[in-house]
Amino acid sequence: MEWETPWVDDKVIVIKGEAGISASYSELSDEDVKENNIISIESVLPDELLERILAYLPIASIFRASSVCKKWNEIVHSHRFLQNISSISSQKPWYFMFPSADDSIGFAYDPMIRKWYSIELRCDGTSRWFIASSCGLVCFMDQNTRSQLYVCNPITNISEKVEMPRCSREFDYSGLAISVDRSSRNYTVAIVISKDTPDDFVQWILSIHIYCSEAMMWLSPVTETLTGWRGGDSCVVCDGVFYFLIYSTRGLGFRGNRHGLLSYNLSSRSSSGMLIDSFIPVPCPLTCGRLMNLKNKLVLVGGIGKQDQPGIIKGIGIWILKERDWEEVARMPHKYFQGFGEFDDVFASSGFDDLIYIQSYGAPCLLMFDMKMREWKWSQKCPILKRFPLQLFTGFSFEPRIDISP
């Protein structure tokens, strides 16, 4: 596998080596020590054990290890090493933050060692693009023409361009999701698009388009007209099912919740009837709802709106879907809600594994929620500075992996 380090982390992290520290080995005689000023670790450890040790390092340390010597570089790029690191899977999801809307260079946060790294995305992706991620791969689709789609690994900087279906460019709203098969390493891209009907603003034509990397082709299995609902931009693939939020178009007089959930089974390529038959209402009036796949469980994060003023949020909640019911997991404590400063009704949130990231669009503050420990925690301060009042910040989470490529 060919890749190069796309990071410029020396501006963010300074690693200081300590001189004068050496290891002593009881099996070496005094004469051996005198004759060898430098002891090679390869002469002490078998190759397989060295590979296992390197595989347990944080991702950033693995890149640094590959620069130590030619042999270590060969080990890190070897097929056996990638198999070892794939079986360990000890890395927590990172969060990539864009410093501006048109910038492809941003900062990624590693929660394991609480460090930020400067990373350049070399697949043309910016915060203006639709973004989805799964199992180390990140998918970008441009919002302007909807004609460009890239799948890349932001760690190894390997990317692949996918030709878009022509029909996907003619729509008003869209959502993007990607799912990677961890055994075969093939990936599936799912897009849901909505277009209004010319004669009735309440009716919307919704269609689903699916790309399979193994077959290298698009399928468009579903087209349906929804009355009073349209698709949006929040969707995810979870346990073989494509879930996406829909939004009410019934006007100001509508009294119910303005969001709902629909699903489509990717495994059987069937919706078991009409898409609207899978409708599940959201747990409360929501703003900025986001769907996530956390260990094959569907999780919803959203701002809790007031019943009479749904656009104004009084808190942020986290729910998990169990069959057709939402179970509340947590609500953001008020001290963290206040910690964002000028927190309005829009914010970014995403997550993997047991970790959820929440970020206000108005500041580079990053809050984490551990689903397993039920703990809230701030990240280390991001090196991005707010330079003008209307500057917006956003980002996405992804799994840091070097063992997978598009």
Aromatic ring pairing Trp129/Phe140, orientation class (parallel under 30°, perpendicular over 60°, tilted between): perpendicular
Residue pair Phe352 / Ser133, side-chain heavy-atom distance below 4.5 Å: yes
Whether Arg80 side chain and Glu51 backbone form a donor-acceptor pair below 3.5 Å: no
Under 3.5 Å: donor-acceptor pair, side chain of Gln148, backbone of Asp142: no
Expected output: side-chain Lys386 to main-chain Gly362 donor-acceptor under 3.5 Å: yes
Residue pairs fulfilling salt bridge (charged side-chain N to carboxylate O under 4.0 Å, His left out) with at least one residue in residues 348-371, sequence neighbours excluded: Lys295-Asp353, Lys295-Asp354
Student check: side-chain heavy atoms of Cys135 and Ile404 closer than 4.5 Å: yes
Neighbour count above 12 (heavy atom, 6.0 Å) for Arg374 CZ: yes
Expected output: side-chain Ser234 to main-chain Leu291 donor-acceptor under 3.5 Å: yes
Donor-acceptor contact below 3.5 Å, side chain Gln359 vs main chain Leu366: no
Heavy-atom donor-acceptor pair, Asn153 side chain to Val138 backbone, under 3.5 Å: no
Phe98 and Phe396 aromatic ring geometry - parallel, tilted or perpendicular at 30°/60° bounds: tilted
Where Ser194 and Gly231 come nearest, the two heavy atoms and their spacing: OG-N, 2.8 Å
Beyond-backbone contact of Cys139 with Leu176, side-chain heavy atoms, under 4.5 angstrom: yes
Test: Glu399 and Arg182 ion pair at under 4.0 Å: yes
4.5 Å side-chain heavy-atom contact, Ser263 and Leu275: no
Test item: side-chain donor near acceptor, Gln380 and Arg114, under 3.5 Å: yes
Residue that, paired with Ser174, satisfies side-chain contact (heavy atoms from CB on, under 4.5 Å) out of Asp233, Val192, Ile193: Ile193
Tyr95 and Tyr109 aromatic centres sub-6.0 Å: no
Steps toward side chain to side chain contact (heavy atoms under 4.5 Å, CB included) verdict (Met141, Met164): CA-CA 9 Å; Met141 182 177 70; Met164 292 283 289; 3.2 Å; yes
Exam field: side chain Glu163 to backbone Leu149, donor-acceptor pair closer than 3.5 Å: no
His259 to Val282 - nearest heavy-atom pair and separation: O-CG2, 3.5 Å
Donor-acceptor pair, side chain of Asp277 and main chain of Met274, under 3.5 angstrom: yes
Any Ile304 side-chain heavy atom under 4.5 Å of Ile316 side chain: no
Least distance between heavy atoms, Pro383 atom then Trp116 atom: CD-CG, 3.6 Å
Minimum heavy-atom distance between Leu54 and Ile62, given as atom pair plus value: O-CG1, 3.4 Å
Side-chain donor/acceptor of Ser207 to backbone N/O of Thr223, under 3.5 Å: no
Considering all heavy atoms, the nearest Phe81-Ala55 contact: CE1-N, 3.5 Å
Centroid-centroid distance, Phe369 to Trp376, less than 6.0 Å: yes
Residue pair Glu160 / Tyr187, side-chain donor-acceptor N/O under 3.5 Å: yes
Flag side-chain contact, heavy atom, 4.5 Å: Cys238 against Met292: no
Salt bridge present between Asp110 and Lys92 (N-O < 4.0 angstrom): no
Geometric class of the Phe398/Trp94 ring pair [parallel <30°, tilted 30-60°, perpendicular >60°]: perpendicular
Side chain to side chain, Leu321 and Leu261, heavy atoms closer than 4.5 Å: yes
Which residues share a side-chain contact (heavy atoms from CB on, under 4.5 Å) with Ser100, sequence neighbours left out: Asp103
Centroid separation Phe242 to Tyr264 less than 6.0 Å: no
Beyond-backbone contact of Tyr357 with Leu367, side-chain heavy atoms, under 4.5 angstrom: no
Inter-residue atom distance His209.NE2 - Ser220.OG, 0.5 Å rounding: 4.5 Å
Check: Asp403 main-chain N/O paired with Arg185 side-chain donor or acceptor under 3.5 Å: yes
Within 6.0 angstrom of Glu328 CD, more than 12 heavy atoms from elsewhere: yes
Least distance between heavy atoms, Gly260 atom then Phe279 atom: CA-CE1, 3.6 Å
Side chain to side chain contact (heavy atoms under 4.5 Å, CB included) evaluation trace for Leu226 with Leu262: CA-CA 11 Å; Leu226 303 182; Leu262 295 185; 4.1 Å; yes
Full working for side chain to side chain contact (heavy atoms under 4.5 Å, CB included) between Thr197 and Trp204: CA-CA 6 Å; Thr197 58; Trp204 289 75; over 6 Å; no
Worked check of side chain to side chain contact (heavy atoms under 4.5 Å, CB included) between Thr188 and Val237: CA-CA 9 Å; Thr188 299; Val237 177; over 6 Å; no
